[in-house]
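Here is how names work: the chains are called A, B, and so on, in the same order as the sequence lines, proteins then strands, and each is numbered from 1.
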Protein chains: 2
Amino acid sequence: MSAISTPARTTDLPAAALNFPVLSNDAGWRCQGSLWSTLHEVCELLHIPTPTNSHNEDALFQHVRYKAGQRIHTIGQQFENLYIVNSGFLKTVLIDEYGNEQVLSFPMKADLLGIDAIYTQRHASEAVALSDCDVILIPYKTFSALGRTYAELEQAMFSAMSRELVREQAMISMLSSLSAEAKVARFLTNLGERFGQLGYSNKVFNLRMTRHEIGSYLGLTLETVSRTLSAFNELGLITVDQRQIGIIDPVSLKALRRLPPSKSRIKVSKIVSEKMSEKVSALVSKNLLPQWSPELAGALN
Amino acid sequence: MSAISTPARTTDLPAAALNFPVLSNDAGWRCQGSLWSTLHEVCELLHIPTPTNSHNEDALFQHVRYKAGQRIHTIGQQFENLYIVNSGFLKTVLIDEYGNEQVLSFPMKADLLGIDAIYTQRHASEAVALSDCDVILIPYKTFSALGRTYAELEQAMFSAMSRELVREQAMISMLSSLSAEAKVARFLTNLGERFGQLGYSNKVFNLRMTRHEIGSYLGLTLETVSRTLSAFNELGLITVDQRQIGIIDPVSLKALRRLPPSKSRIKVSKIVSEKMSEKVSALVSKNLLPQWSPELAGALN
DNA sequence: CGGAAGTTTGAGGCGCATCAAGTGTGGTGG
DNA sequence: CCACCACACTTGATGCGCCTCAAACTTCCG
């Protein structure tokens, strides 16, 4: 991961002369693309309405290309830009006090990066390209100014940050209450759905990340991830060929859970398992069964 | 938790007649306080600079009092207000599809509630008073309008949301990489620090939440929380008397960790444990030792 | 072609959940 | 006022889910 194969740096960036937020940092060389996007194009990418009365003389936003392995920003780096993924796949990671990586997300097209830097004015996490990427650079100063002009923009930003907050809350809930199988199952279906929203197949796709990165993201070891994928494969829920995933039975995958973690609430779990255990265990091997699923619960009423 | 002892609802709310964001929901009766705060007072509470040129004719913000057990907002409830805690202690929880509670945070004075509702315009979580509370109500419409006037306000909001994002990221990291002991230790020291910032003692304080709620927050069972507290007590790191906690050795508590979860990075862990194991294990019983702490790492160089 | 990195699979062990029983405690009603 | 009950907490016994360690295999890339 951290071994970045830095391509030979041929020339210095001419853009450094501009009073634009300077592009040079130690995260690695970036091949400066010639593409620039208008505010309208950016809004379209993010699926937010273009501000009314926006003029063409509004700022243009620079595209920057990154090769797989390069970092978009690093922890502690001065905050200057927000980033929007235009194409490619990345990961964001936290590095703890002892050098351990914690994967936080796998951003892809239309995702927004860098908002965790607003508070301290320094990036709290690191974003690394998992494939070649095209990223749109939004200078925060420019964004702020635009926000003062177009209230819709500011509103969209609040909305995006709120959504991210909710996503992380769901992550927290998942991390502390789901079994390893359920985590992997959800990971696969969520990834499929995201690919689907981007126009790709939601059934067959390539994992861009290693088992290790998946494990870090889900709070598991890479061995557990590998074993779980193999188990799903044997059960006929998915097909696995290295990083090529085919989702065969998305319904069962989504239903895959574990018993409620404790006596938090209703005490039906025991009844369910007593009534259904032999029946269920006959259906699927091990405890990879979609037990405690809505269907099951409904079937008992 | 979910068994709220709803006080006898004596009369209906007279305030429902106002065109103010209506105070009546099914979350329970609220004793309407007579207190109102100015924008200046709110900014002071949040430790953000009061907008320059702000006039006294700016909106006033209503205080609302809640008794322990009452809900400030519920999941799915229409989003109308942000809330700022003026006094008291609460918890925010997510309820999953099967009724299980997931505690997300324990807000106290100066904390902001409700920002996770901006995205969907419905509250994604539930806020419950753990003690009698005084909460300031900020109608989102009012806030938006003020934000358009005072750019500093909007900036402060972005900052607050970004901070919350970073906090949740740290939570995710902790949930997936720390041992039970380390989680509880961090929980105690963090809580102490927060009390300290509010002017209370950071060494001696009362837990306002049950072991079950702590467990939910940390991704543990209540039994494990209880056992860990007892163990810390026997080791002389803290004192425990029901919910009364005394922190005796904050340094060791903070240093308390676990080995890196895997071969994520540097491979010194083995060397460390080989060199130090007998020495360390002689110092403290079990594996409650502050191993892999900065001090230890430094001691080997 | 060789080495590094990623992946799979197995064997074994430990951390924490689970189940269970008993003790304290605060609130409620007799 | 005390008795009672629901609830919170403690502590022990047991088991299993997932981590850890290890070895072989595959893929990729210089």
Whole Å only: how far is the [atom1] atom of [X] from the [atom2] atom of [N]?
| X | N | atom1 | atom2 | answer |
| --- | --- | --- | --- | --- |
| B:Asp241 | D:dC9 | CG | C1' | 12 Å |
| A:Asn100 | D:dT20 | CG | P | 11 Å |
| A:His212 | C:dA4 | NE2 | P | 19 Å |
| A:Leu220 | D:dT20 | CG | P | 11 Å |
| A:Glu213 | C:dG6 | CD | P | 8 Å |
| B:Ile214 | D:dA8 | CD1 | P | 13 Å |
| A:Gln244 | D:dC28 | CD | P | 12 Å |
| B:Asn233 | D:dT11 | CG | C1' | 14 Å |

I want to verify a distance call: between [options], whose nearest atom is closest to the [X] side chain?
| X | options | result |
| --- | --- | --- |
| B:Arg243 | D:dA8, D:dC19, C:dT8 | D:dA8 |
| A:Ser179 | C:dG6, D:dT11, D:dC18 | D:dC18 |
| B:Thr221 | D:dC18, C:dT18, C:dT8 | C:dT18 |
| A:Arg211 | C:dT8, C:dG6, D:dA8 | C:dT8 |
| A:Ser230 | C:dT8, C:dC19, C:dT7 | C:dT8 |
| A:Leu222 | D:dA8, C:dT8, D:dT11 | C:dT8 |
| B:Ser226 | C:dT7, D:dT11, D:dT20 | D:dT11 |

For [N], does the base pair up with any side-chain atom of [X] as donor and acceptor (N or O, under 3.5 Å, distance only)?
| X | N | answer |
| --- | --- | --- |
| B:Glu181 | C:dC16 | no |
| A:Arg227 | D:dG17 | no |
| A:Gln242 | D:dC28 | no |

Exercise. Parallel under 30°, tilted from 30 to 60°, perpendicular over 60°: which one fits the rings of B:Phe195 and B:Tyr200?
Worked result: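 Perpendicular, since the angle between the ring planes exceeds 60°.
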Exercise. With a 4.0 Å cut-off on heavy atoms, is A:Gly215 in touch with a base, just the backbone sugar-phosphate, or nothing at all?
Worked result: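 Result for A:Gly215 = nothing.
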Exercise. Taking 4.0 angstrom as the limit, do B:Arg186 and B:Glu193 come out as a salt bridge?
Worked result: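 No salt bridge links B:Arg186 with B:Glu193.
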Exercise. Do A:Lys91 and A:Glu101 meet the salt-bridge criterion of a basic N to acidic O distance under 4.0 Å?
Worked result: yes
Exercise. Any side-chain donor paired with an acceptor under 3.5 Å for A:Gln102 and B:Ser176?
Worked result: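 Yes, a side-chain donor-acceptor pair sits under 3.5 Å.
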For this session: Could you verify whether a donor N or O on one side chain and an acceptor N or O on the other, from B:Thr92 and B:Ser125, lie under 3.5 Å apart?
Result: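 No, B:Ser125 and B:Thr92 have no side-chain donor paired with an acceptor closer than 3.5 Å.
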Exercise. In degrees, rounded to 10°, what is the bend between the two ends of the helix from C:dC1-D:dG30 to C:dG30-D:dC1, using five pairs at each?
Worked result: 40°
Exercise. Is there a donor-acceptor contact under 3.5 Å from the side chain of B:Thr224 to the main chain of B:Leu220?
Worked result: no
Exercise. Short question: side chain of A:Ser173, backbone of A:Gln169 - any donor-acceptor pair under 3.5 Å?
Worked result: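 Between the backbone of A:Gln169 and the side chain of A:Ser173 there is no qualifying donor-acceptor contact (under 3.5 Å).
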Can you give each donor-acceptor pair under 3.5 Å made by side-chain atoms of residues 231-251 of chain B, sequence neighbours left out, with the distance rounded to 0.1 Å?
unit_1, atom_1, unit_2, atom_2, d
B:Thr239, OG1, B:Gly246, N, 3.3
B:Asp249, OD1, B:Val251, N, 3.4
B:Asp249, OD1, B:Ser252, N, 3.1
B:Asp249, OD1, B:Ser252, OG, 3.3
B:Asp249, OD2, B:Ser252, OG, 2.7

